[in-house]
Amino acid sequence: MGSVVNLTPHAVNIVDADGKTLAVFPPSGVVARLSQTNLKIGEVSVDGIAVEIARTTYGELSGFP
């Protein structure tokens with residue numbers, strides 16, 4: 001089995017049902033990210049304030065070993 005590499009910017013804690021910490025994976029210093037595109041698909045008015053409706057799509061992965 002390989003080792004766990006935490007590609008988030010924060011520690012990941014594994015806890016059991018009683019809240020006991022079983023393992024802590026510190027951040028590796030490398031953060032995996034997906035490119036993101038937001039496309040406006042509409043607009044609604046809420047109490048006279050225009051609220052944009054957007055669709056988010058995800059693309060290329062970076063920072064992944």
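Small disclaimer: the values here were computed from a predicted structure and weren't measured.
- When side chains are defined from C-beta on, N6 does not count as touching P26, because their heavy atoms never get closer than 4.5 Å.
- Using a 4.5 Å heavy-atom cutoff, the side chains of I53 and V44 are in contact.
- Of the N and O atoms on the side chains of T56 and N38, at least one donor lies less than 3.5 Å from an acceptor on the other residue.
- With rounding to the nearest 0.5 angstrom, the CZ atom of R33 is 9.0 Å from the OG1 atom of T8.
- Atom CD of E60 has 12 or fewer heavy atoms from other residues, nucleotides or ligands within 6.0 Å.
- Tracing side-chain contacts under 4.5 Å through hydrophobic residues (I, L, V, M, F, W, Y), one reaches V5 starting from L34; they form part of the same cluster.
- Cluster annotation: V51 is connected to L39 through the hydrophobic network of ILVMFWY side chains, with a link wherever side-chain heavy atoms come within less than 4.5 Å.
- Two different hydrophobic clusters hold V31 and L7 under the rule that ILVMFWY side chains link at heavy-atom gaps under 4.5 Å.
- Panel note: side chain D16, backbone D18; a donor-acceptor pair is recorded below 3.5 Å.
- Under the 4.5 Å side-chain contact rule for hydrophobic residues, V12 and V4 share a cluster.
- V15 and L22 are members of different hydrophobic clusters when ILVMFWY side chains are connected at heavy-atom separations under 4.5 Å.
- Within the 3.5 Å criterion, the main-chain N or O of T57 finds no donor-acceptor partner in the side chain of T37.
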